[in-house]
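A short worksheet on the structure shown next.
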2 protein chains.
Amino acid sequence: MADHVDLVLEQWGEQRPDLDASPMAVLGRLKRLAQLVDAELRRNFARHDLDSASFDVLATLRRSNAEHSLTPAGLMRSSMVTSGAITQRLDRLEARGLVTRAPSETDGRGVQVTLTDDGLRLIDAVLPTHLETEQSLLAGLSKAEREQLADSLRTLLESLGDKRD
Amino acid sequence: MADHVDLVLEQWGEQRPDLDASPMAVLGRLKRLAQLVDAELRRNFARHDLDSASFDVLATLRRSNAEHSLTPAGLMRSSMVTSGAITQRLDRLEARGLVTRAPSETDGRGVQVTLTDDGLRLIDAVLPTHLETEQSLLAGLSKAEREQLADSLRTLLESLGDKRD
DNA sequence: TGAAAGTTGCTTAGCACTGAGATACTTTGT
DNA sequence: ACAAAGTATCTCAGTGCTAAGCAACTTTCA
C-alpha cells in the first residue's frame, strides 16, 4: 500500500522535518502519473506511425466540427503549446498529406487547417485503440472512483482558470 | 462549472457518438493539469536560475540521505527519464559546481553523485518557495479533498505498477 | 481617416530529451 | 577459472519544444 511518492514524503520527513511537503502528495503523483500514461499512449500511437503531438492535432480537428477544420490559433488554445510548435506540427502533417492549409477567405492573416481523407481515415483507425488503451489504464479504479477523480481534477482545473474555450 | 475537457467530451459526443470517450474525463484532465502545474513551477525555478530537470536532481539528492549522495542509476529510477538524460543533467550541474561525480569505491562501473555546499545552499533556498507555489496551486481544494485526491492518484499509480523503490 | 495597438502565423536558435549503441566492469553458472 | 549474461554509465544523432522576434494584416479609437 505505498507508491514512490510515499517514499519521497517519508524522505522529506527525515531530512527536512521542518518543511510541510504535503502538497507533493497530490502534485508529485500527478506528475508521475502523467509521465506513465504518456509513455503508454505513445506506444499505441507508434503502432500507427504517429507521435503524441500528431495525434493531438488530428484528434482536435476530428472532433471540432463536421468539416474537421480549425485555425492554427484554435489548435494552439486546445493543446497548450506555443505557436511555433503548432507550425511545426502542421508542417509535418501537411508533408504526410494528413492535413491541408488554405488561406482564410475572411481574414488576410488567417489560415484554415483541414483534415484530408487520409487524415480522417488514420485518426478514425487510431481512436478505438486509443480509447481501449485509456480504458485499460483506468482499470484499477471503479466507475464511481473514476467519476469522483474526474470531479476533483475538474475542480482543480477550474480553480486554476481553465475554461471551456 | 465546466472546464476545457467538458467541451472536448461534448464535441466527441457530437462527432463520434458511437465512441465511449469517458476515459478522457480523467486522463485528459490529468494531462492538462500536469502541463499547467509544470508551467507554474517552472516560473518559480527560473527565479533561482534553475530548470525543472535540475531542481529534480538537486531535490532528489537533498532528500535521499544525510550525505546527499546517490548513483546516476538511483536518480534515473526516481525521475523516470533515460540514462542519457541523467548524464546530461549531471554534466550541467557539475559544470555549475552544484554536484560532484566520484568513482564508486566498491563498483568499478559505478559513480557517486554528491551535492556540493553550493548545491545544498541553492536547493535549500528554493525549497520553501517551491512548496509555497505548490500550496497555492492546490488552494482550490479543501484539505479533505486533497487527501481524497491523493488517495485516488495513489490507487491508480499502484495499479500501474508504481512501487516505493 | 490614420496611427497605434493587437492578432495571426511563421522563422530560427538553442535546449533537453529519447533511443540505439559502445565501453567497462561485475555477477552467474558450470 | 572462465565464458556468458547482466549492469552502470556515457555518447551521439535525431527530434520536438520554447522563446524571441518578424511580417502581414485587422481592429480600435481619437
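By convention in this document, chain letters (A, B, ...) are assigned in the order of the sequence lines, proteins followed by strands, and residues within each chain are numbered from 1.
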note: A:D91, atom CG; D:dT15, atom P; distance rounded to Å ~ 14 Å
Quick one: the side chain of B:S83 and the base of D:dC10, do they pair up donor-acceptor inside 3.5 Å?
yes
Rounded to the nearest angstrom, tell me the gap between atom CE in B:M76 and atom C1' in C:dA16.
16 Å
Just how far, in rounded Å, is P of D:dC10 from CG of B:L75?
11 Å
Does a side-chain N-to-carboxylate-O contact under 4.0 Å join A:D91 and A:R101?
yes
Would you tell me whether A:D118 and A:T116 have side-chain atoms, one donor and one acceptor, within less than 3.5 Å of each other?
no
5' priority, DNA chain D, between A:D51 and A:G108 [closest heavy atom]
A:D51
Under 3.5 Å, is there any donor-acceptor pair linking the side chain of A:Q88 to the base of D:dT15?
no
B:R101 side-chain proximity, nearest of D:dC10, C:dG19, D:dT9:
D:dC10
Could you give the CG-to-P distance, from B:D38 to D:dT18, as a whole number of Å?
11 Å
Take the protein atom CE of B:M80 and the nucleotide atom P of C:dG19, then report the distance between them rounded to whole Å.
14 Å
Show, in sequence, the C-alpha distance, side-chain angles and deciding distance for B:R29 and A:S152, and conclude whether the side-chain hydrogen bond (donor to acceptor under 3.5 Å, both in side chains) test is met.
CA-CA 10 Å; B:R29 289 188 172 96; A:S152 299; over 6 Å; no
Closest to side chain of B:A53, choosing from C:dA16, D:dA8, D:dC10
C:dA16
Output yes when B:D51 and B:R42 qualify as a salt bridge under the 4.0 Å nitrogen-oxygen rule, no when they do not.
no
Please tell me which of A:A85 and A:D107 maps to the more 5' nucleotide of DNA chain D, matching each residue to the nucleotide holding its nearest heavy atom.
A:A85
Classify the nucleic acid contact of B:G110 as base, sugar-phosphate or nothing, counting any heavy atom under 4.0 Å across all strands shown.
sugar-phosphate
5' precedence on DNA chain C between B:T106 and A:I86 (nearest-nucleotide basis)
A:I86
For A:S104, which contact category applies under a 4.0 Å heavy-atom criterion: base, sugar-phosphate, or nothing?
nothing
What is the distance from CD of B:E105 to C1' of D:dA8, rounded to the nearest Å?
17 Å
What is the distance, to the nearest angstrom, from the CZ atom on B:R92 to the C1' atom on C:dC15?
8 Å
Ignoring hydrogens and angles, state whether a donor on the side chain of A:S69 or A:Q112 is under 3.5 Å from an acceptor on the partner side chain.
yes
Length of the line joining B:R89:CZ and C:dT18:C1', which is rounded to integer Å:
12 Å
Counting any heavy atom closer than 4.0 Å, what does A:R42 reach on the DNA or RNA strands: base, sugar-phosphate only, or nothing?
nothing
Identify which nucleotide among C:dG9, C:dT11, D:dA24 has an atom closest to any side-chain atom of A:R109, counting heavy atoms from C-beta outward.
D:dA24
